[in-house]
Amino acid sequence: MGYKTISQILMVIASLVLVFALIMPKWEDIKRLQGEVEDYKRAIANIDQYNNELQRLLNEKENLGQNNAQKLETYLPNEVDVPVVMSDIELIAKMAGMKVLSMAQADDLEERGIYQANTGGNGNETEEGADMPELSTVDVSVRMVGTYDGLKKMLATLFLNKYPLVPVELKFASKDVIENVADPDNPLFDFALVLRTYSFSR
């Protein structure tokens, strides 16, 4: 075996030693770093996704709060808008086939023996004496003509209204004296209905 061959063998051995002793560890370090970079990229992507989802949920919570606040304001406003309430009552009556003859804000029904909720004391203090919001009522008197079925339909619709319209008084009399009744089997009546709605001072 010549000197040249021995030199080539030694160079190959030295190259292998260099590869396994220096290059391979560095290559493993590079692969490890690449893996960490990929993990970091995935973490960043997950953080962005998490932040986006968190922001979406916060926006949804805010919108839900606003919607509930609007619904509460509609259901129990700070002050009753009587003309709007009267307009709604008239629309409900017409939808039920009732003919409204007159409508007005009613007098104090308590004087006529109509039940009112007992809030305790003056209605704006707890037992500990802390101030409480005050619940106020407004009564609207409606006189109308229609059938018994029409009245039932109207009352059913009232309970589906977006704010309370509670019947607190009802009087009726037969309208047999009306001429040209279209349906003798479903006679007309003269109804006097009092509806109550509420406001809630916050």
Side-chain angles (χ1 to χ4, degrees), residues 59-126 131-202:
N59 292 338
E60 184 176 338
K61 177 184 176 183
E62 182 178 352
N63 292 334
L64 183 62
Q66 291 175 351
N67 291 336
N68 286 339
Q70 291 173 355
K71 290 178 181 178
L72 179 60
E73 179 62 30
T74 300
Y75 190 78
L76 280 179
N78 292 331
E79 183 179 1
V80 174
D81 191 338
V82 177
V84 170
V85 171
M86 289 182 174
S87 176
D88 290 343
I89 293 173
E90 184 174 13
L91 178 61
I92 293 171
K94 287 182 178 179
M95 289 172 57
M98 307 292 286
K99 181 180 179 181
V100 175
L101 302 178
S102 64
M103 191 182 316
Q105 186 170 345
D107 297 329
D108 186 3
L109 296 180
E110 194 174 62
E111 297 177 357
R112 294 185 282 164
I114 303 302
Y115 172 78
Q116 288 184 322
N118 181 14
T119 57
N122 58 10
N124 60 1
E125 290 186 356
T126 63
D131 290 338
M132 290 289 290
E134 184 178 352
L135 184 67
S136 303
T137 61
V138 172
D139 298 318
V140 177
S141 176
V142 189
R143 184 167 173 262
M144 54 195 174
V145 172
T147 63
Y148 178 67
D149 288 340
L151 177 68
K152 290 195 298 182
K153 183 177 179 181
M154 179 179 177
L155 293 177
T157 306
L158 288 174
F159 287 108
L160 299 176
N161 195 47
K162 58 188 176 183
Y163 58 86
L165 282 172
V166 182
V168 293
E169 184 179 284
L170 174 62
K171 297 178 181 178
F172 64 94
S174 175
K175 295 292 290 184
D176 293 338
V177 296
I178 296 180
E179 297 179 357
N180 300 323
V181 176
D183 186 1
D185 295 329
N186 202 9
L188 296 176
F189 292 90
D190 189 339
F191 295 100
L193 176 65
V194 177
L195 298 171
R196 175 171 294 169
T197 189
Y198 302 86
S199 63
F200 194 66
S201 60
R202 296 174 179 82

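Not measured: the values here are computed from a predicted model.
Tyr163 and Asp88 make their closest contact through OH-OD2, 2.6 Å (heavy atoms, listed as atom of the first residue, atom of the second, distance). Closest approach of Gln105 to Met86, counting heavy atoms only: N-CE, 3.3 Å. The two atoms that bring Leu193 and Pro167 nearest to each other are CD1-CB, 4.1 Å, heavy atoms only. Of all heavy-atom pairs between Ser199 and Asn78, the closest is CB-O, 3.8 Å. Taking each heavy atom of Ala93 and Met144 in turn, the nearest pair found is CB-SD, 4.4 Å.
Separating the CZ atom in Arg143 from the NZ atom in Lys171 is a distance of 12.5 Å, to the nearest 0.5 Å. Distance check: Met103 CE to Leu101 CG gives 10.0 Å after rounding to the nearest 0.5 Å. To the nearest 0.5 Å, the span separating CG on Leu91 from OG1 on Thr157 amounts to 9.5 Å.
You'll find the side chain of Thr147 stays beyond 4.5 Å of the side chain of Leu151, heavy atoms only. Between Met98 and Val145 the shortest side-chain heavy-atom distance does not fall below 4.5 Å. In this structure, the side chains of Leu195 and Asp139 stay at 4.5 Å or more apart for every pair of heavy atoms.
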For this session: Starting from the C-alpha separation in whole Å, work towards a yes-or-no answer on side-chain contact (heavy atoms from CB on, under 4.5 Å) for Arg196 and Val138.
Result: CA-CA 6 Å; Arg196 175 171 294 169; Val138 172; over 6 Å; no
Checking side-chain contact (heavy atoms from CB on, under 4.5 Å) for the pair Leu170/Phe191: CA distance, chi angles, key distance, verdict? CA-CA 7 Å; Leu170 174 62; Phe191 295 100; 4.1 Å; yes
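Looking at residues two or more places apart in sequence or on another chain, you find a salt bridge (Lys or Arg N to Asp or Glu O under 4.0 Å) between Lys94 and Glu90. Residues that satisfy the side-chain hydrogen bond (donor to acceptor under 3.5 Å, both in side chains) test with Tyr198, not counting sequence neighbours, are absent from this structure. Residues forming a salt bridge (Lys or Arg N to Asp or Glu O under 4.0 Å) with Asp81 (at least two apart in sequence, or on another chain): none.
Side chain of Thr197 to main chain of Pro164: a donor-acceptor pair is present (N/O by atom type, distance under 3.5 Å, no hydrogens or angles). Between the side chain of Ser87 and the backbone N or O of Pro83, no donor-acceptor pair lies under 3.5 Å.
Here the rule is side chain to side chain contact (heavy atoms under 4.5 Å, CB included) with Asn161, and of Val85, Ile92, Ile89 only Ile92 fits it.
In Phe172, the CZ atom is not crowded: 12 or fewer heavy atoms of neighbouring residues, nucleotides or ligands sit closer than 6.0 Å.
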